[in-house]
Protein chains: 2
Amino acid sequence: MDQAARKPRTRIQIEKRELILEAALEIFAQHGFRGATIDQIADAAGMSKPNLLYYFKSKDDIHRTLIQRLLDTWLAPLREIDDIGDPVTELRSYIRRKLEMARDYPRESRLFANEILQGAPRVLPMLEGELKSLVDEKVQVIRGWMRAGRIARTDPYHLIFAIWATTQHYADFDVQVRAVLGPARDGEGRFEDAARFLEQLFVEGLRVKG
Amino acid sequence: MDQAARKPRTRIQIEKRELILEAALEIFAQHGFRGATIDQIADAAGMSKPNLLYYFKSKDDIHRTLIQRLLDTWLAPLREIDDIGDPVTELRSYIRRKLEMARDYPRESRLFANEILQGAPRVLPMLEGELKSLVDEKVQVIRGWMRAGRIARTDPYHLIFAIWATTQHYADFDVQVRAVLGPARDGEGRFEDAARFLEQLFVEGLRVKG
DNA sequence: CTAACGTTTGTCCAATCGGTCAAAAATTGC
DNA sequence: GCAATTTTTGACCGATTGGACAAACGTTAG
């Protein structure tokens, strides 16, 4: 009777909501919010449209739930950056974690990319609040490393942007990457090659001179 | 009588088609193909929907025209890479040109990003054909530089991907970049900072070791 | 068995979608 | 001027959209 608005109770509700979110992630990631239809999601989840709307009260509700859930795991790698460890090791494993996420959660990456491309109508407050705070905090850590002469001096914000861009590229632009590399280099070795390249690029690019 | 199918003749047709394409670029870049409506585009172009459809026979027709036009200018910077010049200079100016395009043509970048994100349904043949050929060709140039010991040995494909990703990031994820940098750093200096950072990253990252 | 509750579905709706069409209005060629 | 042509528009159409609803179905506790 509560329409599953706040807290799902029965086991069926928990399972079905999960099923719907899984299907919706697939559809939203591929077609964007407006491009996706409730019927498509219901089909992919193996249920009728009214049945789906019994578990989520609107299309927007599903999307919002997905975005919210995504953000928790999305920022985890950045949170893990620690100013106690070795700077190069810290950055290297941050890059590796981000690349692993692009490999293991490409749909989440594309969902997020779609949202940002459309002007971030649903997550702008989070970007300006939580995300900015977290980045500002890690920028201070990186600045500390630079002041200590442990990595080359550069703009920490743009360093973070570059890591985001290069790693997420393999999820968001997967089709293009595949097309350019061609069938010969289409195996899973792609990610190992990418990891090796990015590691070299950032480690050498941040090496202290002289 | 020819419905402007092949070649526009009158001056009005040329002007109005241009007006429509300009409006459509704005709308498509923001909402994607399915998210955009003919009415929105017609509104933005200051004309009625049937009038718009007098100049383009369908929504798909407009989109296809935009994509086709985009690709010509999009690949121009890559074409300009020359194996005669100094490798570092060549790569540096390629990065700068790509970054300028992200700054000056963000809508084109987002239009392209939307297309790729949705699986490149309209440009996949071009990616696998024309784009792959061009990249393959430039990869050979870069390999030559590496063999000659003029830049560090690494994967040329992923080098190109990294340049694409980092530069286009400033157009496609503009909202996020702005949000993270905050109002204090929101001026046009952003692109100068980005240019400096990327130049350092790639030049140092590709420097030949000892 | 049965009453209460949770789940599922068929049917329906108003709004919006891409696109058509015929006729009006504006422009052009002579 | 006038007729031919190009341009613009209002009205309309079938299809699809997100969502509502009540009735039917399933499940479970007593």
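Since the structure is predicted, the reported quantities are computational estimates derived from the model, not experimental observations. Below, chains carry the letters A, B, ... as their sequence lines are ordered, and counting in each starts from 1. All values below were derived from every heavy atom in this structure, side-chain atoms included, with hydrogens, water molecules and symmetry-related copies excluded.
Atom CD1 of A:I41 and atom C1' of D:dT17 are 13 Å apart (whole Å). Put simply, CZ on A:F56 is 16 Å from C1' on D:dG18, counting in whole angstrom units. When the C1' atom of C:dG18 is taken as reference, atom NZ of B:K57 falls 15 Å away, rounded to whole Å. Atom P of nucleotide C:dG10 and atom CG of A:L52 are separated by 15 Å, given to the nearest angstrom. Taking atom OH of B:Y55 as the reference point, atom C1' of D:dT9 lies 12 Å away to the nearest angstrom. Rounded to whole Å, the distance from NZ on B:K49 to P on C:dT20 is 11 Å. Atom CG in A:D60 sits roughly 18 Å away from atom P in D:dT17 (whole-Å rounding). The CZ atom of A:R34 sits 12 Å away from the C1' atom of D:dT16 (whole-angstrom rounding).
Side-chain proximity of B:Y54 to the nucleotides D:dT8, C:dT20, D:dG18 is greatest for D:dT8. Nearest nucleotide to the B:P50 side chain, out of C:dT9, C:dG18, D:dG10: D:dG10. Nearest to the side-chain atoms of B:N51 among the listed nucleotides C:dG18, C:dT9, D:dT9 stands D:dT9. In this structure, of C:dT20, D:dG19, C:dT7, it is C:dT20 that holds the atom nearest to the side chain of B:L53. Proximity note for B:I38 (side chain, C-beta onward) versus C:dG19, C:dT7, D:dT8: the nearest is C:dG19.
Using a 4.0 Å heavy-atom distance criterion, A:A36 is classed as a sugar-phosphate-only contact. Nucleic acid contact class of B:K16 (heavy atoms, under 4.0 Å, all strands): sugar-phosphate only.
Between B:D193 and B:R190, none of the side-chain N atoms (NZ, or NE/NH1/NH2) sits under 4.0 Å from a carboxylate O, so this pair counts as no salt bridge. A salt bridge between B:R143 and B:D136 is absent, with no side-chain N of the basic residue lying under 4.0 Å from a carboxylate O of the acidic one.
Under 3.5 Å, the side chains of A:N51 and A:S48 contain no donor-acceptor pair of N or O atoms.
Along DNA chain C, the nucleotide closest to B:K59 and the one closest to A:G46 are compared, and the more 5′ of them pairs with A:G46. Taking for each of A:S48 and B:T37 the nucleotide of DNA chain C with the nearest heavy atom, the 5'-most of the two is the partner of A:S48.
Taking the six-membered ring where the residue is Trp, B:H158 and A:Y170 present tilted rings, their angle falling between 30° and 60°.
The cationic group of A:R122 lies under 6.0 Å from the six-membered ring centre of A:F33 and within 45° of the ring axis, placing it in a cation-pi geometry.
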